[in-house]
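Computed over heavy atoms, backbone and side chain alike; hydrogens, waters and symmetry mates excluded. All chains are named by letter (A, B, ...) in the order of the sequence lines, taking the proteins before the strands, and each is independently numbered beginning at 1.
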Number of protein chains: 2
Amino acid sequence: MQLHKPDVVDAAAAILDNYGIADLSMRRLARELNVSPGALYWHFANKQELLGAVADHILRPAVIDVAGLNWRHAIQDICAALRDALLSHTDGAELVSASFAAGQSETVTDIVAQLAAAAADAGARNDDADSTARTLLYYVLGFTVDEQSRRQWDAAGALSDEQSVLMSDTDRQFAFGLRLLIDGLAAHEGATAP
Amino acid sequence: MQLHKPDVVDAAAAILDNYGIADLSMRRLARELNVSPGALYWHFANKQELLGAVADHILRPAVIDVAGLNWRHAIQDICAALRDALLSHTDGAELVSASFAAGQSETVTDIVAQLAAAAADAGARNDDADSTARTLLYYVLGFTVDEQSRRQWDAAGALSDEQSVLMSDTDRQFAFGLRLLIDGLAAHEGATAP
DNA sequence: ACCTGAACACCGTTCAAGT
DNA sequence: ACCTGAACACCGTTCAAGT
């Protein structure tokens, strides 16, 4: 049967979850799909474009509706959904971070636009709203890449009790850094919490 | 003559500046040093460790003395020095970002410690000072990776006038995001500017 | 102690040729 | 239109053997 883009992305996501980003090569992916390496280049211009499609796949659950929320909660919910989506796939943060840097994920652009809208709601002018949105993204990506690599490092020898304590700790740490940015925005724009 | 670590790091930095991170391979580096690829593995355990040494080389001018400065200026100066150091080598931000993620740069750890000390000065308790320091680092790395990749993309067809306008614009954008974090810290800890 | 040579097990990408 | 086969030009790492 024919090879379609969604099949390729699903197979790539499966390799990612089961073996990690280091094993996600074009050749390995082609082997898993019982196809020659060159076949992938009919559907994707290059590896970066394919990884961008995988990034968009990972980010689908991170696109949420924040209509009706005040700007603080909108930012908090978008960032929380983003982090959850990244953490739900092996090396998800690293892959999305790389795809964002390469400008290959449309979804991450949409998310930045959502964050910019929330910043505008907070009273920021256009340029500042954009800077704010990108700063929030840098934070979530940086934090989550770090968190995920530590988790994988600690994967051996972690007691279930200690682990859950550590996890709630990372939740608090994530919220702390995010609050720093939100409070900074409030201070700058003179907005107040409802 | 014998091969010494500093020679290897210097040669690696030269490849980085002249050809970029994509061309900084162990084999290419060995060729440039007129040595067999295996020779490098006598001095460095693996490529990550070597890149960590290059990262430390890049970061040397970013380690500055902030004694006597108030916490706001300390943070501003450290972050500005860090960004300047990253921008002064081709793909410097990307390389240091990767080395930080891999935990292979001692210098970046020192810089985080300096930032944490400044956050403590601002009134943050130990955990919060650490979170603040890491948040600042995520911001500087994320912003500068982005900035540097855009610069390299725009490398063709940029007028010198427009370019300088864009550059001062990125300076302002960098300062804006940084101020967001500093203001957030001030709001959280109730510190005031002198 | 320090390095060579050669091998092992891979990569991403291209492209004529097939169906 | 879609894919194969084979090639091109590379990788990182290891390790017996040399000096």
Q | Any donor-acceptor pair under 3.5 Å from A:Gln148 side chain to A:Leu86 backbone | A | yes
- Task: Pick the P atom in D:dC10 and in C:dA9, then give their distance to the nearest Å.
- Result: 23 Å
Walking DNA chain C from its 5' end, the first of A:Gly38 and A:Arg31 to be reached, judged by nearest nucleotide, is A:Arg31
Ranking D:dC3, C:dC3, D:dT13 by distance to the side chain of A:Ala39, first place goes to D:dC3
For the side chain of A:Asn18 and the backbone of A:Ala14, is there at least one donor-acceptor N/O pair under 3.5 Å apart?
yes
**Item:** Donor-acceptor under 3.5 Å (B:Asp91 side chain, B:Glu94 main chain)
**Value:** no
With the side chain defined as heavy atoms from C-beta on, B:Val35 is closest, among C:dT13, D:dC3, C:dT4, to C:dT4
Under a 3.5 Å limit on both distances, the Watson-Crick or wobble mate of D:dA9 is none
By the Watson-Crick or G-U definition, both distances under 3.5 Å, C:dA16 is matched with D:dT4
- Evaluate the side-chain proximity of A:Val66 to A:Leu69: yes if any heavy-atom separation is below 4.5 Å, no if none is. yes
Under a 4.0 Å heavy-atom cutoff, the residues of residues 41-52 of chain B touching DNA chain C are B:Trp42, B:His43
Review point. Are A:Tyr139 and A:Phe174 near enough that their ring centres are under 6.0 Å apart?
Key: yes
Within residues 93-104 of chain B, those residues having any heavy atom closer than 4.0 Å to DNA chain C are none
Can we say A:Arg179 and B:Asp128 salt-bridge, meaning some charged N sits less than 4.0 Å from an Asp/Glu carboxylate O? no
NZ/NE/NH1/NH2 to OD/OE distance under 4.0 Å, B:Arg134 and B:Asp130: no
A:Lys5 atom NZ is separated from D:dC3 atom P, nearest whole Å, by 13 Å
Atom CG of B:Asp23 and atom C1' of C:dG12 are separated, to the nearest Å, by 14 Å
In terms of heavy-atom contacts, A:Ala124 and A:Ala129 come closest through CB-N, 3.8 Å
Subject >> A:Trp71 backbone acceptor or donor facing A:Asp121 side chain under 3.5 Å >> reply: no
Between CG of A:Leu33 and C1' of D:dT4 the distance, given in whole Å, is 15 Å
Whole-Å distance, A:Leu3 CG to D:dT4 P, equals 8 Å
* Asked: When all nucleic acid strands are considered with a 4.0 Å heavy-atom cut-off, which category describes B:Ser25: base, sugar-phosphate, or nothing?
  -> sugar-phosphate
Which of C:dC3, D:dT13, D:dG5 is nearest the side chain of B:Arg27? It is D:dT13
